[in-house]
Amino acid sequence: MIRSLFFSSTFVRTTFTSFTPRFTPIPVLRCPGIGVGNSASFCSKSFSVSAKSTFFMEQAPTADEVQQVELLDATEDNHGGVIVEMDKPMDCEIFAPILRASIAHWKKQGKKGVWIKLPIELAHLVEAIVKERFWYHHAEPKYLMLVYWIPEGAHTLPVNATHRVGIGAFVLNDKKEGTAETIRPGNSHEKSGMFRGTGVWKFPTGVVDEGEDICKAAEREVREETGIDTEFVEVLAFRQTHQAFFGKSDLFFVCMLKPLTSEISKQELEIEDAQWMKLEDYTAQPLIQKHEVLKYINNICVTKIEKQYSGFSPVLTSTAFSSKRNFLYLNEYDLNRR
């Protein structure tokens with residue numbers, strides 16, 4: 001027996017040979033403290049059926065059968081959709097019909113994408129959401145984002161983040177700038193990663209954190225791996241690869257920095273050793289000679305030392321759309337020659 005649409009969490013479409021319909025109006029559902037908000041008209045019919053078959057048949061309601069039911073709180077996005085941020089405890093059996101009613105309401109309003117931000121504490125609601133044809137969009141340590149497209153046809157929703165961003169830091173000691181033999185890049189010897197156990201010396205490298213600028217990430221990685229404080233100078237080059245990390249693409253920025261300190265204090269957890277190394281010793285490593293991309297990076301660094309290469313320096317800028325300032329990387333040398 002289905003007493004009403006809003007007190008049954010399971011709806012199975014099935015065939016039957018006979019039944020005796022009994023129409024009952026849906027009572028107003030009040031769920032204080034579960035994060036639901038505005039109400040909308042919704043209706044249902046319930047039938048007496050066998051215990052083995054449960055079904056829901058949509059038919060034109062009469063005026064007596066239309067009732068008010070509460071819907072999920074949602075805010076409109078800038079693209080004709082809505083965003084639901086779940087933040088209060090909710091039982092799955094209560095949530096499922098509320099979600100269905102909310103989708104029906106948004107569809108009537110002509111909405112497109114529906115985003116549900118589900119905190120990890122409400123992970124038990126995932127199955128109910130997925131059953132309504134939502135799919136995973138992305139996940140963070142504290143929440144899962146699910147999305148649904150209401151209109152017929154292919155969706156136009158933005159995809160999840162496609163790239164990871166990394167940096168490689170070329171640290172130059174400029175006390176004797178201009179003499180290639182005595183200008184030495186900072187290097188590190190890794191305990192983990194693809195160079196583990198190879199004996200290869202490489203530039204400090206790392207991944208840019210969320211909300212972190214490339215220039216600040218380069219300074220941080222050098223400080224964490226070698227203990228040296230630096231000042232960012234330029235982006236010398238960047239490389240893009242695909243299918244690099246859990247199927248994502250990878251952007252890797254080769255950065256030049258100048259040291260503000262010289263004493264090395266290596267990171268014990270990840271770094272086997274760190275030292276100042278002459279550029280010719282670094283270049284002579286077999287791996288540098290073997291790999292084309294590493295040879296290019298090395299040649300760029302050498303050319304920069306010789307004052308014949310200009311990279312991209314960070315300049316703080318703002319836009320008409322936000323008061324937040326951000327970095328634009330540009331060739332200051334050529335720009336200032338105008």
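Only heavy atoms go into these numbers, but all of them, side chains included; no hydrogens, no water, no symmetry mates.
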- Note on the structure: Nearest heavy-atom contact between P89 and L122 is CA-CD2, 3.9 Å

- Item | Interatomic spacing from CG in L146 to CD in E132 - rounded to 0.5 Å | 12.0 Å

- Task: Inspect the surroundings of CD1 in I120 and state if more than 12 heavy atoms from other residues, nucleotides or ligands are less than 6.0 Å away.
- Result: no

- Which residues satisfy the side chain to side chain contact (heavy atoms under 4.5 Å, CB included) test with K216, sequence neighbours excluded? E212, D213, E219

- Query: Do you know which two heavy atoms are closest between A123 and L118, and how far apart they sit?
  - Reply: CA-CD2, 4.3 Å

- Query: Taking side chain as C-beta onward, heavy atoms only, is L72 less than 4.5 Å from F95?
  - Reply: yes

- Query: Mind checking whether C215 and Y329 have side chains closer than 4.5 Å, heavy atoms only?
  - Reply: yes

- Pairs in or reaching into residues 115-124: which pass side-chain hydrogen bond (donor to acceptor under 3.5 Å, both in side chains), with residues at least two apart or in two chains? none

Donor-acceptor list for residues 228-237 side chains, cut-off 3.5 Å, not counting sequence neighbours:
{"residue": "E234", "atom": "OE1", "partner": "K304", "partner atom": "NZ", "Å": "2.9"}
{"residue": "E234", "atom": "OE1", "partner": "G311", "partner atom": "N", "Å": "3.0"}
{"residue": "E234", "atom": "OE2", "partner": "K304", "partner atom": "NZ", "Å": "3.2"}

- Before giving the answer on side-chain contact (heavy atoms from CB on, under 4.5 Å), spell out for D87 and E85 the whole-Å C-alpha distance, their side-chain angles and the decisive distance to 0.1 Å. CA-CA 6 Å; D87 59 0; E85 295 199 32; 5.9 Å; no

- Query: Any donor-acceptor pair under 3.5 Å linking the side chain of W276 with the backbone of S262?
  - Reply: yes

- Heavy-atom side-chain contact between C301 and M256 under 4.5 Å: no

- Message: Return the CD1 to CD distance between I264 and E225, rounded to the nearest 0.5 Å.
- Response: 11.5 Å

- Message: Tell me which pairs pass side-chain hydrogen bond (donor to acceptor under 3.5 Å, both in side chains) where either residue lies in residues 310-325, with sequence neighbours left out.
- Response: T317-N326

- Starting from the C-alpha separation in whole Å, work towards a yes-or-no answer on side-chain contact (heavy atoms from CB on, under 4.5 Å) for T283 and Q289. CA-CA 7 Å; T283 304; Q289 300 300 319; 3.6 Å; yes

- Note on the structure: Heavy atoms of I214 and C255 approach each other most closely as CG2-SG, 4.1 Å

- Query: Hey, are the side chains of I297 and F203 touching, using non-hydrogen atoms and a 4.5 Å cut-off?
  - Reply: yes

- Item | Atom pair CD1/CZ of I103 and R133 - distance to nearest 0.5 Å | 8.0 Å

- Query: Between H137 and Y148, do the side chains contain an N or O donor and an N or O acceptor separated by less than 3.5 Å?
  - Reply: no

- When clusters are formed by joining ILVMFWY residues with side-chain heavy atoms under 4.5 Å apart, either directly or through shared neighbours, do V114 and V147 land in the same one? no

- Query: Is the ring centre of F252 less than 6.0 Å from the ring centre of H163?
  - Reply: no

- Message: Can you confirm whether more than 12 heavy atoms, excluding those of Q240, are under 6.0 Å from its CD atom?
- Response: yes

- With distance as the sole test, does E306 use its side chain to make a donor-acceptor pair with the main-chain N or O of T303 at under 3.5 Å? no

- Message: Walk me through whether F245 and V207 qualify under side-chain contact (heavy atoms from CB on, under 4.5 Å).
- Response: CA-CA 12 Å; F245 184 76; V207 177; over 6 Å; no

- Message: If I take atom CD1 from residue I300 and atom CD from residue Q308, how far apart are they, to the nearest 0.5 angstrom?
- Response: 13.5 Å

- Taking the side chain as every heavy atom from C-beta outward, state whether T261 and E263 have any atom pair closer than 4.5 Å. no

- Message: Using a 6.0 Å cut-off, check whether atom OH of Y309 has over 12 heavy atoms from anything other than its own residue.
- Response: yes

- From E70 CD over to S102 OG, what is the distance, rounded to the nearest 0.5 angstrom? 10.0 Å

All N/O donor-acceptor pairs, side-chain side in residues 151-160, below 3.5 Å, sequence neighbours left out:
{"residue": "H155", "atom": "ND1", "partner": "L157", "partner atom": "N", "Å": "3.0"}

- Restricting to pairs with a member in residues 236-256, which pass salt bridge (charged side-chain N to carboxylate O under 4.0 Å, His left out), not counting sequence neighbours? R164-D250, R239-D250

- Message: I want to check something: taking the side chain as every heavy atom from C-beta on, are V165 and F238 in contact at a cut-off of under 4.5 Å?
- Response: no

- Over all atoms of both residues, closest heavy-atom pair of V222 and A169: CG2-CB, 3.3 Å

- Query: In terms of hydrophobic clustering (I, L, V, M, F, W, Y; side-chain heavy atoms under 4.5 Å; direct or indirect links), are V126 and I98 co-clustered?
  - Reply: yes

- Message: What's the separation between atom CD1 in I129 and atom CG in L144, rounded to the nearest 0.5 Å?
- Response: 8.0 Å

- Task: Establish whether V208 and F327 are linked, either directly or via other cluster members, by ILVMFWY side-chain heavy-atom contacts under 4.5 Å.
- Result: yes

- Message: I'd like to know if the side chain of N299 and the backbone of K295 have a donor-acceptor N/O pair within less than 3.5 Å.
- Response: yes

- Output, in order, the C-alpha distance, side-chain angles, deciding distance and verdict of side-chain contact (heavy atoms from CB on, under 4.5 Å) for R220 and D209. CA-CA 10 Å; R220 174 183 55 78; D209 290 337; 3.6 Å; yes

- Task: Tell me, yes or no, whether the heavy-atom count around E140 atom CD, taken from other residues, nucleotides or ligands under 6.0 Å, exceeds 12.
- Result: yes

- Side chains of I305 and L279: closer than 4.5 Å at any heavy-atom pair? yes

- Note on the structure: In short, G81 meets D77 closest at the heavy-atom pair N-OD1, 2.7 Å

- Message: Is there a continuous path of hydrophobic side-chain contacts, each under 4.5 Å between heavy atoms, that joins Y143 to L99?
- Response: no

- Task: Establish whether I83 and Y136 are linked, either directly or via other cluster members, by ILVMFWY side-chain heavy-atom contacts under 4.5 Å.
- Result: no

